[in-house]
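To start, the structure under review is shown below, and the notes come after it.
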Amino acid sequence: MLSFLDMVNHYLGYFNISVKIKNRAYTILGALGDFYLFYIAFRYLQNGHPFWGLLILLVAVILLYFVFLNVVYYFTNKKAPFDISPKIEKWLHMKPKTEETTPQARRGYGRNIPANGYFDEKKILPGKLSTTVQEAQNVQNLATQLQQNRLLNLDYSGLGDREIMEQVQKDGKPVYASGPGILIPYFEMQTENDQLVVYAGLNQADKQRVGTVSTVGLQNVRDVRDQFDLYLANATLVGGPFKVIGRTTLIEQENPFTVAVQVAYKHHDQPATSAASAPTREQRYERQRTATPSSTDSEPMTRRSRYHH
C-alpha cells in the first residue's frame, strides 16, 4: 500500500498543474495512507501485540488530525478549529508560501511587453483618465467581454480566504478578485479636438472609447504636451470586486472596473542649426553665464521633482 502511494506521489510530479490542485491530490493520498495505518494498528492488536498496535494507532490519530486540517484548508474556504499549524510554523521558523510562481517566472524568461512596443521605463509616467458616463459603461462592457473570452478570471489569483485574510492584515489594503489587473489586449491613443482620447477593446475592430487623458505624472496634460510628445505605453484593466476584513470574517464588495494607463514622453525634435549660425565662443560663454533653468528643458513633474521644487 505504501509503495503504491509513493509511486502515485512520484508520478504526480511529472504533471504541470497548479499547487492547490496538487495539494488536494496529496491530501487524498495522505488520507488513504492514514487509513492503512489504522488497519495495521488493529491487526497488531488482534494478533496480541498491544504495544506496537497502540503506538501505530497513536501515530495514525495524529496524522488524521493533519489530514483534517488539509481537507478544510484545500477543499473549503473555512478555517479549521484548533489549528496549531501557525504555532508549528513559528516553532520551526517556517515561512508559509502564499504566492505560486510558474517555472517560467522562476527562470525569469520573457517579459510581458504590450503589442504597441517597448518604452524606456525611465521615460514613462502614470496618466489619469477622465471619463464620461458612457465611457465608464464601455469599461464595464470591456470587463464582461474579457470574462466571456476567459481573459479575465475573478478568482482572487487562486487565493483562499485564509490567504486573503493574511494578505489584508499584512498590507492593510483590499484584495481584488482580478488581482493586480490585466493588460488590455488592444489599446490606442488618438488626438481629437485637442484632447488625447484612449480607446481599448479585445481588438481593433471592437475598440471603444474609455476616457480622456487629463494628467500625466502630477501635471496637467496640456502643460506636458507643450514640451513633450506623448505616447500610450500601456493600458491595464483594474478594480472590480474586492474583499476586506469585516468584524469577524472577510466580506466581498462590488467596485466598478477602471482603466489605468501609463504614458511615455519624448522631447520635441529640435531643428538642427547650421554652421553659419553657430554661436561664437564669447556668445556661448555669455549664454551659459546668464542662463537660468527653464521648464522647457526639464521633464514632466513627478512627485519627487515637485518635492525638490
Side-chain angles (χ1 to χ4, degrees), residues 110-136 138-139 142-143 146 151 180-239 257-279 283-284 287-288 290-309:
R111 297 185 62 181
N112 188 14
I113 300 177
N116 64 331
Y118 171 77
F119 293 91
D120 186 1
E121 296 181 358
K122 297 180 181 179
K123 298 292 184 180
I124 294 179
L125 288 174
K128 183 179 179 181
L129 294 183
S130 59
T131 58
T132 63
V133 176
Q134 182 59 48
E135 290 169 346
N138 292 341
V139 176
L142 174 60
L146 292 174
L151 299 175
I182 64 166
L183 189 67
I184 299 176
Y186 179 84
F187 53 87
E188 66 178 25
M189 185 171 64
Q190 298 180 4
T191 302
E192 299 179 2
N193 298 326
D194 201 30
Q195 292 181 329
L196 297 180
V197 180
V198 176
Y199 290 85
L202 293 177
N203 47 56
Q204 187 175 9
D206 296 331
K207 67 180 181 181
Q208 294 178 321
R209 179 167 172 159
V210 295
T212 304
V213 180
S214 58
T215 61
V216 176
L218 298 176
Q219 295 178 255
N220 188 283
V221 65
R222 294 182 179 178
D223 299 334
V224 179
R225 292 181 67 187
D226 292 339
Q227 309 168 36
F228 302 92
D229 295 324
L230 300 180
Y231 309 91
L232 186 59
N234 59 64
T236 308
L237 185 72
V238 296
F257 288 94
T258 58
V259 175
V261 298
Q262 288 186 317
V263 180
Y265 60 91
K266 185 180 71 172
H267 284 272
H268 291 313
D269 295 333
Q270 297 292 336
T273 57
S274 61
S277 60
Q283 291 174 333
R284 290 199 303 268
R287 183 177 300 175
Q288 294 176 1
T290 59
T292 58
S294 175
S295 60
T296 58
D297 296 330
S298 61
E299 297 183 349
M301 184 173 293
T302 62
R303 188 180 301 273
R304 180 175 299 179
S305 62
R306 186 178 67 172
Y307 173 79
H308 287 295
H309 275 64

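Predicted model, so just to flag it, every value in this text is computed and none were measured.
- N193 is linked by a side chain to side chain contact (heavy atoms under 4.5 Å, CB included) to nothing, counting only residues two or more places apart in sequence or in another chain.
- Legend: residues meeting salt bridge (Lys or Arg N to Asp or Glu O under 4.0 Å) with D226, ordered by chain and number and at least two apart, are absent.
- Separation of atoms CZ (R222) and CD (Q195) is listed at 7.0 Å; rounding is to 0.5 Å.
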Would you please test Y265 and V216 for side chain to side chain contact (heavy atoms under 4.5 Å, CB included) and show each step?
-> CA-CA 9 Å; Y265 60 91; V216 176; 5.6 Å; no

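- For the side-chain hydrogen bond (donor to acceptor under 3.5 Å, both in side chains) with Q134, the lone residue among T132, N138, T131 that qualifies is N138.
- For the atom pair CG (L218) and NZ (K128), the distance works out to 11.0 Å, reported to the nearest 0.5 Å.
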Could you please spell out the steps behind the side chain to side chain contact (heavy atoms under 4.5 Å, CB included) verdict for T191 and R225?
-> CA-CA 11 Å; T191 302; R225 292 181 67 187; 3.7 Å; yes

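- The minimum heavy-atom distance linking V139 with F257 is given by the pair CG1-O, 3.4 Å.
- The aromatic rings of H267 and F228 sit tilted relative to each other, their planes meeting at an angle between 30° and 60°.
- Distance OG1/T215 to CG/L125: 10.0 Å, rounded to 0.5 Å.
- Every side chain to side chain contact (heavy atoms under 4.5 Å, CB included) that I182 has, sequence neighbours left out, goes to L146, L152, L237.
- Under the side-chain hydrogen bond (donor to acceptor under 3.5 Å, both in side chains) criterion, D229 pairs with H268, sequence neighbours left out.
- Legend: residues meeting side chain to side chain contact (heavy atoms under 4.5 Å, CB included) with Y199, ordered by chain and number and at least two apart, are E188, Q190, E192, V197, K207, R209.
- With values rounded to the nearest 0.5 angstrom, L142 atom CG is found 6.5 Å from L202 atom CG.
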Please assess L196 against V263 for the test side chain to side chain contact (heavy atoms under 4.5 Å, CB included), listing each intermediate value before the final yes or no.
-> CA-CA 11 Å; L196 297 180; V263 180; over 6 Å; no

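- For N203, the side chain to side chain contact (heavy atoms under 4.5 Å, CB included) test picks out A205, D206, with sequence neighbours left out.
- Partner of E135 under the side chain to side chain contact (heavy atoms under 4.5 Å, CB included) criterion, out of T212, V198, V210: T212 alone.
- For the pair I184 and G201, the tightest heavy-atom approach, listed with the atom from each and the gap, is CG2-O, 3.7 Å.
- Residues V238 and G181 come closest through the heavy atom pair CG1-CA, 4.2 Å.
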